[in-house]
Amino acid sequence: MALDPTTFMTTMEKRMDFSAADKASLKANAAWGSSIALQMAEVFYGYLARDPEMNEILNAKEGRMHRLNETFIEWFGEMFTGMDNWGSAYAARRWRIGLVHVQIGIGPQHVVPAMATVVNEVGKQLKAAGLPEELRDSLGRICMIDLAFIEQAYVEVSSAAVLRETGWTEGLFKRMIATGASSMK
């Protein structure tokens, strides 16, 4: 079940219809993205800090919030530049971001609405700046690809842990998950 980040990125690009036009639009607006990155970080972490569980995680270590703000600004800018045209380096970085979310205990129930907050706020910023709606669509697609990496990190880490601890085969594990899901209806 080991994930190959580059293959996953390619699959997500196809599934999300993340096109060359999306990439060109994002790159053409990279300076604008950089100009709002700090404000976006403030909105993002302001949203998360309202939740007591997330606030505890965000402030669990001295200096974590400062590092997270820096990381957010970098992440936000990379969505516009694609680092290496949204290739292997981009995919590897997104995979690492997903693993860090798992390691520090930021669950999907926090990640999904937080990403929605980013997409919603970007829409407001785009409208205020008079930028085209197509840019919002492009940014929405890359945000969803980034979100897929984070979500997949939970699946991969959980699955690998169960397989390692139990000695089960991947096939047995998948059958048990399918059976378990059927019984929860």
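- Not one N or O on the side chain of D137 forms a donor-acceptor pair closer than 3.5 Å with the backbone of E134.
- Residue M115 is grouped with residue I97 when hydrophobic side chains (ILVMFWY) are merged at heavy-atom distances under 4.5 angstrom, including chains of intermediate members.
- Both M40 and I145 belong to a common hydrophobic cluster when Ile, Leu, Val, Met, Phe, Trp and Tyr are linked at side-chain heavy-atom distances under 4.5 angstrom.
- Here the side chain of Y45 pairs no donor or acceptor atom with the backbone of L58 at under 3.5 angstrom.
- Ring centers of W95 and F8: at least 6.0 Å apart, outside the cut-off.
- Two different hydrophobic clusters hold Y47 and L38 under the rule that ILVMFWY side chains link at heavy-atom gaps under 4.5 Å.
- The two residues S138 and D22 have their closest heavy-atom pair at OG-OD1, 2.6 Å.
- Taking all atoms of both residues into account, the shortest heavy-atom contact from F80 to A30 is CB-CA, 3.7 Å.
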Go through the steps to decide whether E74 and R93 satisfy the test side-chain contact (heavy atoms from CB on, under 4.5 Å), and finish with yes or no.
CA-CA 11 Å; E74 190 175 346; R93 177 131 160 85; 3.4 Å; yes

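- Rounded to the nearest 0.5 angstrom, W86 CH2 and T10 OG1 are separated by 14.0 Å.
- Taking the six-membered ring where tryptophan is involved, the planes of F72 and F76 are essentially parallel, since the angle between them stays under 30° and well short of 60°.
- To the nearest 0.5 Å, atoms CZ (R67) and CD (E62) are separated by 9.0 Å.
- Residues V112 and E151 share a closest heavy-atom pair of CG2-OE2, 3.6 Å.
- Residues V119 and M144 have side chains in contact (heavy-atom distance under 4.5 Å, counting atoms from C-beta outward).
- Closest heavy-atom contact between I57 and G105: CD1-O, 3.3 Å.
- Note that CE of M79 and CG of N29 are 13.0 Å apart. Values are rounded to the nearest 0.5 Å.
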Evaluate the side chain to side chain donor-acceptor pair (under 3.5 Å) criterion for residues N120 and T117: first the C-alpha distance (whole Å), next the side-chain angles of each, then the deciding distance (0.1 Å), finally the verdict.
CA-CA 5 Å; N120 188 39; T117 298; over 6 Å; no

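- A distance-only check finds no donor-acceptor pair linking the side chain of N85 to the backbone of G87 [under 3.5 Å].
- Within 6.0 Å of CD on E70 lie more than 12 heavy atoms contributed by other residues, nucleotides or ligands.
- In terms of heavy atoms, V118 sits closest to C143 at CG1-SG, 4.2 Å.
- Between S25 atom OG and L131 atom CG the span is 8.5 Å, to the nearest 0.5 Å.
- For W75, the side-chain hydrogen bond (donor to acceptor under 3.5 Å, both in side chains) partners at least two apart in sequence or on another chain are D146.
- Residues W32 and Q125 form a side-chain contact, since some pair of their non-hydrogen atoms from C-beta on lies under 4.5 Å apart.
- Atom CE of M16 sits about 10.5 Å away from atom CE of M9, to the nearest 0.5 Å.
- Residues M54 and I104 fall within the same hydrophobic cluster, defined by Ile, Leu, Val, Met, Phe, Trp and Tyr side chains chained together at heavy-atom separations under 4.5 Å.
- Across all their heavy atoms, K27 and T81 have their closest contact at CE-O, 3.6 Å.
- Atom CD of E121 is separated from atom CG of L126 by 10.0 Å, given to the nearest 0.5 angstrom.
- Remark: R94 qualifies as a cation-pi partner of Y90 under the 6.0 Å distance and 45° angle criteria applied to the six-membered ring.
- The hydrophobic clustering, which links ILVMFWY residues whose side-chain heavy atoms are closer than 4.5 Å, places I36 and F44 together.
- In this structure the side chain of L48 never reaches within 4.5 angstrom of the side chain of N55, judged on heavy atoms.
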Can you check salt bridge (Lys or Arg N to Asp or Glu O under 4.0 Å) on R136 and E133, steps first, answer last?
CA-CA 5 Å; R136 180 176 194 247; E133 193 67 26; 3.7 Å; yes

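- Within 6.0 Å of atom CZ in R96, 12 or fewer heavy atoms from other residues, nucleotides or ligands are found, so the atom counts as exposed in its surroundings.
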